[in-house]
K.L.:
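The structure's right below; bear with me while I get my questions together.
Every value quoted in this text rests on a predicted model; they were computed, and no experiment measured them. Note that these values count all heavy atoms, side chains included, but never hydrogens, waters or copies made by symmetry.
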Amino acid sequence: MRAITIPEFGGAEVLRLDERPVPEPGPGQVSIDVAYAGANFAEILFRRGIADVPLPFVPGIEVSGRVRALGPDVDGLSPGQPVAALTIVDGGGYAEVVVTSADLVAPIDGAGLAPAVAAAVPSNSTTAFFALDRVARIEPGESVLVHAAAGGLGSQLGQAARLLGAGRVVGTVGSAAKTAIAKGFGYDEVVLRDELPSRVAGLTGGKGFDIVVDMVGGPARRTSLDALGPLGRMIVLGNASAAEDVPLSPNELWLSTKTVAGFNLGAHSGVRPAEIGRALRRAVAAAASGDLRVQVEELPLEEAAEAHRRIESGGTTGKLALKV
């Protein structure tokens with residue numbers, strides 16, 4: 001089969017289109033004939049060597065396609081069935097065939113989802129629902145701040161917060177050019193990230209936010225903690241800025257009555273796939289009903305390196321999907 005591989009760690013130029021053996025499903029697994037693979041920042045971490053993966057490695061944490069074969073002990077799925085799936089535990093999505101846990105597969109037959117859109121839901125949309133519901137434990141009427149609001153994950157977090165009952169949802173962006181794009185994803189207000197410290201009081205009536213979601217890191221980490229009100233929760237979902245870690249004081253959390261929590265989709269999918277599978281199916285249903293808007297741009301599989309360059313530049317909005 002054709003597959004994009006990482007033969008060595010480095011820049012986008014190291015990605016290669018190769019021939020690889022077709023994988024076969026084991027117990028509790030399914031193989032999928034891939035139609036589209038979502039392109040994500042996580043795959044850039046694999047390529048840079050920041051995440052520990054064996055080389056050569058086939059990246060790709062989410063796909064859409066049709067079930068090819070079932071491994072032993074798999075029920076509820078059938079060959080030929082259209083699906084969306086997370087392939088985040090072992091990667092492999094940038095290929096014509098991928099294998100993943102049956103728990104991380106969501107049927108989409110009859111859902112009316114375009115295959116490119118279905119490939120863009122599993123990672124970001126699932127993360128949005130799970131992080132806000134299970135990690136932040138959002139309550140109706142609470143205020144939510146989301147950094148990088150125009151990006152792939154940010155575009156889903158604002159909408160998920162609204163669907164989960166948030167009262168006010170504010171986003172930040174890195175440049176004024178992204179403001180209108182972020183507002184199109186349902187944010188009540190969008191501000192420049194550099195201006196946030198001076199805007200928090202006005203945005204929250206002096207109370208601070210109940211929830212702040214940060215996948216940017218660096219200075220945004222400190223700003224996020226300061227933007228919380230009492231009993232506020234900061235949820236860390238990444239470090240897209242690649243900045244040095246920001247020390248946070250447990251004593252400060254105690255004295256200010258604030259919480260910091262993290263969520264990693266890949267790590268949790270590996271130990272509790274059934275939990276993540278439920279969130280995946282929830283996300284797919286929201287996208288299929290039109291409650292969740294997913295903006296997707298397609299590129300051919302052969303242009304995976306271009307997709308990586310565009311994501312690394314910070315200039316993308318919504319999602320990129322590779323047509324396999």
Side-chain angles (χ1 to χ4, degrees), residues 1-26 29-69 71 83-102 104-105 115-116 118-124 126-127 152-153 238-240 242 264-267 269-270 273 296-314 316 319-324:
M1 67 173 186
R2 294 183 311 142
I4 295 292
T5 65
I6 302 172
E8 60 182 308
F9 298 126
E13 70 279 357
V14 305
L15 296 176
R16 292 286 182 270
L17 182 62
D18 290 332
E19 293 288 325
R20 301 282 293 174
V22 175
E24 298 294 336
Q29 294 183 322
V30 302
S31 61
I32 298 169
D33 286 316
V34 179
Y36 286 85
N40 297 275
F41 192 79
E43 289 123 18
I44 290 169
L45 300 181
F46 299 151
R47 195 203 69 223
R48 291 175 177 171
I50 295 173
D52 185 20
V53 296
L55 299 180
F57 182 73
V58 179
I61 66 173
E62 60 181 344
V63 302
S64 67
R66 291 182 179 272
V67 174
R68 178 184 179 93
V83 294
L86 275 166
T87 54
I88 193 168
V89 177
D90 296 311
Y94 289 15
E96 291 181 316
V97 182
V98 68
V99 166
T100 192
S101 167
L104 298 175
V105 176
V121 168
S123 174
N124 291 335
T126 301
T127 295
L153 180 52
N239 185 34
N264 183 286
L265 181 65
S269 295
V296 182
E297 181 182 348
E298 299 179 23
L299 292 173
L301 179 66
E302 295 80 2
E303 294 186 20
E306 173 62 17
H308 277 217
R309 292 187 190 99
R310 289 171 61 177
I311 293 170
E312 285 180 288
S313 75
T316 57
K319 284 295 292 282
L320 297 176
L322 301 174
K323 185 175 182 180
V324 179

K.L.:
Within the 4.5 Å heavy-atom criterion, are Ile4 and Arg16 side-chain neighbours or not?
P.N.:
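Heavy-atom side-chain distance check fails, nothing below 4.5 Å.
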K.L.:
What's the separation between atom CG in Asp18 and atom OH in Tyr94, rounded to the nearest 0.5 Å?
P.N.:
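Rounded to the nearest 0.5 Å, the CG-OH separation comes out at 15.0 Å.
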K.L.:
Any side-chain heavy-atom pair from Glu312 and Arg47 closer than 4.5 angstrom?
P.N.:
yes
K.L.:
Report yes if some heavy atom in the side chain of Arg310 is under 4.5 Å from a heavy atom in the side chain of Glu297; otherwise report no.
P.N.:
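Contact flag for Arg310/Glu297 side chains = yes.
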K.L.:
Minimum heavy-atom separation for Pro7 and Thr5, please, with both atom names.
P.N.:
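Closest heavy-atom pair between Pro7 and Thr5: CD-O, 3.3 Å.
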K.L.:
Which value, rounded to the nearest 0.5 Å, describes the distance between Leu153 atom CG and Thr126 atom OG1?
P.N.:
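So the gap between those two atoms works out to 10.5 Å.
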K.L.:
How far apart are the closest heavy atoms of Phe46 and Val53, and which atoms are they?
P.N.:
CD2-CG1, 3.9 Å
K.L.:
Does Asp33 pair with Arg66 as a salt bridge, N-O distance under 4.0 Å?
P.N.:
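Judged by the 4.0 Å cut-off on N to carboxylate O distance, Asp33 and Arg66 do not form a salt bridge.
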K.L.:
Side-chain contact test, heavy atoms from C-beta onward, threshold under 4.5 Å: evaluate it for Pro59 versus Ile6 and give yes or no.
P.N.:
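Touching, per the 4.5 Å side-chain cut-off.
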K.L.:
Nearest 0.5 Å please: distance from the CG atom of Leu15 over to the NE2 atom of His308.
P.N.:
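The CG atom of Leu15 sits 5.5 Å away from the NE2 atom of His308.
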K.L.:
Determine whether Leu265 and Ser123 make a side-chain contact, defined as any pair of heavy atoms from C-beta on separated by less than 4.5 Å.
P.N.:
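Side chain of Leu265 against side chain of Ser123, heavy atoms only: contact under 4.5 Å found.
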K.L.:
Identify the heavy atoms of Ala37 and Gly93 that sit nearest to each other, and give their distance.
P.N.:
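In this case the closest contact between Ala37 and Gly93 is CB-O, 3.3 Å.
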K.L.:
Is the side chain of Arg68 donor-acceptor paired with the backbone N or O of Gly65 at a distance under 3.5 Å, no angle test?
P.N.:
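Such a contact is absent between Arg68 side chain and Gly65 backbone.
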K.L.:
Closest approach of Val296 and Ala120, non-hydrogen atoms and distance?
P.N.:
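Minimum heavy-atom separation between Val296 and Ala120: CG2-CB, 3.6 Å.
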K.L.:
Of all heavy-atom pairs between Ile61 and Ala42, which one has the smallest distance, and what is that distance?
P.N.:
CD1-CB, 4.0 Å
K.L.:
Do the side chain of Thr100 and the main chain of Leu86 share a donor and acceptor less than 3.5 angstrom apart?
P.N.:
yes
K.L.:
Side chains of Ile50 and Ile44: does their closest heavy-atom pair fall under 4.5 Å?
P.N.:
no
K.L.:
Under the 3.5 angstrom rule, does the side chain of Glu43 hit a backbone N or O of Asn40 as a donor-acceptor pair?
P.N.:
yes
K.L.:
Using the rule side chain to side chain contact (heavy atoms under 4.5 Å, CB included), only one of Val97, Val105, Val34 pairs with Val63; which is it?
P.N.:
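Single pass found, and it is Val34.
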K.L.:
Does Val99 reach the side chain of Val30, with side-chain heavy atoms less than 4.5 Å apart?
P.N.:
no
K.L.:
Can you tell me how far apart CG (Asp90) and OG (Ser269) are? Round to the nearest 0.5 Å.
P.N.:
11.0 Å
K.L.:
Do Ser64 side-chain atoms and Pro115 backbone N/O form a donor-acceptor pair below 3.5 Å?
P.N.:
yes
K.L.:
If you measure from OH on Tyr36 to CG on Leu299, what distance do you get to the nearest 0.5 Å?
P.N.:
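Tyr36 atom OH to Leu299 atom CG measures 10.5 Å (nearest 0.5 Å).
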K.L.:
Is there a donor-acceptor pair under 3.5 Å between the side chain of Thr87 and the backbone N or O of Gly60?
P.N.:
yes
K.L.:
Considering only NZ, NE, NH1 and NH2 on the basic side and carboxylate oxygens on the acidic side, decide whether Glu302 and Arg2 come within less than 4.0 Å.
P.N.:
yes
K.L.:
If you measure from the Lys or Arg side-chain nitrogens to the Asp or Glu carboxylate oxygens, is any gap between Glu298 and Lys319 under 4.0 Å?
P.N.:
no
K.L.:
Counting distance only, does the side-chain N/O of Glu96 pair as donor-acceptor with the main-chain N or O of Met1 below 3.5 Å?
P.N.:
no
K.L.:
Which heavy-atom pair separates Ala95 from Val324 by the least distance, and what is that distance?
P.N.:
O-CG1, 3.4 Å
K.L.:
Taking the side chain as every heavy atom from C-beta outward, state whether Leu301 and Leu17 have any pair of such atoms under 4.5 Å apart.
P.N.:
yes
